[in-house]
Amino acid sequence: MVSYDRIVRELLELVQIELYGVGGVLHGGALLVSAFREGALNLYVYRDGGLERLNKGRVSFYAEPPYGSRRVVIARDVAEGREQHVLLGIRVDKPGEEEPLAGDMRPMRVFGLADDGRRVVVSASTEREIGVYAIEEGSSWKVVDLPGFAAVTHARGDIAVGFGALRGSDGSFQVFVVDIGRGELRIHDPPSGSGYMPVVAGDKVLYVLEGPLEARLMQLDPETMEAEPLELPGRDLEEFRPVAFNYLRIGPNGEVIAIARRNGRSAIFIDGHRIPAPEGMHSNAYILGDRVVATHTSLTTPHRVVEIDPETGEYRVLLEGRKPEWLGEALGGTGFEWVESFDGERVPTFILYSGRAPKPGPTVVLIHGGPFSEDADSWDVIAASLASLGLHVVMPNYRGSTGYGDEWRRKILGDPCGAELEDVTAAAEWARRSGLASRLYVMGYSYGGYLTLCSLVKKPGLYRAGVAGASVADWEEMYQLSDAVFRSFIEYLFAGRKELMRDRSPAAHVENLREPLCIVHPQNDSRTPLKPVLHFMEKASELGKRFEAHIAPDMGHTINTNEDAIKILLPALLFLARQEAEAQDKS
Ligand code: 4NP
């Protein structure tokens, strides 16, 4: 384990590594770049090797501009992390001049944002309802209500599209089309599986159909709402046998740009032809002249922008952060393992080895959030900070995770803190059995924080200690505090089995807590609110449990600045270092 001074200094250096992504091609062939730089997420215009900052105030997220756009649309939280967003437009030739898009729109939780160059369409939630809103020429109007949690992904002309849980049934996701002129919502239920990330392509809509074990591209007629498989000239995409997709868009000349993934690594395809690219994950890609510009990352490569020559496969890094020199020695390489769970299912698990820990050595099971998300071969500052601390990091993609087929994702529905907790446990046991782990710790953020609490109260004796960040302690209380979209999300997660909500809440099992617990929680979190966690602590305190708690002020659920990252990670790392030092003293 490293010293206090070194933990503080190295964490600061880690969160200061600049992260770069390309976000679009603007007027005149300039690139829109989103970067964690200057201490926060900011937007830049990249032209002739130089970066010019676009935004003046904070950016929460932005809309991908259409090719050749002269403006960029951003969403800004105006409620100190509570995620009440306003929309602003910034003209590319007037950096720093932010203009409200619609004066008549009150701040709302925006969770889907599309810009077609003229009109902006969002999915947004209030306390009471989820809706699709259109904004044009300074005013906004609600186009339709959404009967479940579903996000707008793209818009062109009179059509906006998105996907989500719009029909109860088996938990699959539907594709929706909003006819803005007619104020109509049309829902397409894919033949077998879930629809993802639709995009308007001329007079058709393309989307990703995720089946039980494989994914493919579909073409939907937005009038008849009938779909058929999309045929592409190149066969590479099929041969890759995608399980899921990261990205689907239409290029400047009608090209189909798709990024497919399987087992946590992705590949870029244009019209079905594979474009050579560095190994890891690519979150998006754009065609710029005869080049492809993409965002690339891996577990050991912070997000960066690469320019690829699709003919030769040669690539050049356009933008990347400088890594501290010690990082190479701290990260000991990556692994991937199919871990057998209690029922014979295999759990795809990523491992980031610490270059500073022996084998066997102290190991942390790091649990991702979502739960509809995944750990992949992509940069994760939490994992990197843990490996730097001297812990091997095991990251199970428990059932409920994306990226391994829609069946695997849906297996969590109606059973939170059930079989998926057994998957996490199986990964911990694998770590010990395989000779990687001497001692085990558990840590997670959000849904991962929830599963950390579940691990400690349901699997006492397995871990030496745990860190629960932005966790869920009590589903019933959280439901009462949630807005329309998160109430809908919780109902979906429990698949209507509300009677389970009490028993599946860590708050109902505090008496089982045995190991030291570190709680870290943003004060203004409006997704996983603080209050139920305060009540959990009250009980833990009454029962004489050993825990510590760090409430991070002036921030919400998401980490938007370097300071936010420090507020969450520093207490966690110091706690783990102390626990490990204590354990070593005893042994
Ligand atoms: P996440 O946070 O893990 O960051 O996506 C969550 C927020 C809300 C819920 C679950 C996870 N929820 O069930 O409401």
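As the structure is a computational prediction, the values presented were derived from the model and not from experiment. Side-chain atoms are counted along with the backbone in the values below, which use heavy atoms only and exclude waters and symmetry mates. As the structure lists them, so they are numbered: ligands from 1, and atoms in each ligand from 1.
Within the cation-pi definition used here (under 6.0 Å to the ring centroid, within 45° of the axis), R527 does not qualify as a partner of F489. Remark: R409 fails to qualify as a cation-pi partner of Y404 under the 6.0 Å distance and 45° angle criteria applied to the six-membered ring.
Below 4.0 Å from some heavy atom of H557 lie the following atoms of ligand 1, by number and element: 1 (P), 2 (O), 4 (O). For ligand 1, the atoms lying closer than 4.0 Å to a non-hydrogen atom of Y447 are 3 (O). Listed by number with element, the atoms of ligand 1 under 4.0 angstrom from any heavy atom of I490 are 12 (N), 13 (O), 14 (O). Near G369, with a cut-off below 4.0 Å to any heavy atom, the atoms of ligand 1 are 3 (O).
Here the heavy atom of the protein found nearest to atom 9 (C) of ligand 1 is M478 CE, 3.7 Å.
The distance between the ring centers of Y398 and H368 falls below 6.0 angstrom.
Within the 4.0 Å heavy-atom criterion, the part of F489 lying near ligand 1 is the side chain and not the backbone.
Listed by first and then second residue, the salt bridge (charged side-chain N to carboxylate O under 4.0 Å, His left out) pairs involving residues 467-480 are E476-R502 (not counting sequence neighbours). The list of ring-ring contact (aromatic ring centres under 6.0 Å, His included) pairs with a residue in residues 512-531, not counting sequence neighbours, is empty.
Of the options G370, P416, S446, S488, the smallest heavy-atom separation from atom 2 (O) of ligand 1 is shown by S446.
Residues P416 and Y450 form a side-chain contact, since some pair of their non-hydrogen atoms from C-beta on lies under 4.5 Å apart.
Using 4.0 Å as the threshold, W475 has a heavy atom nearer than that to some atom of ligand 1.
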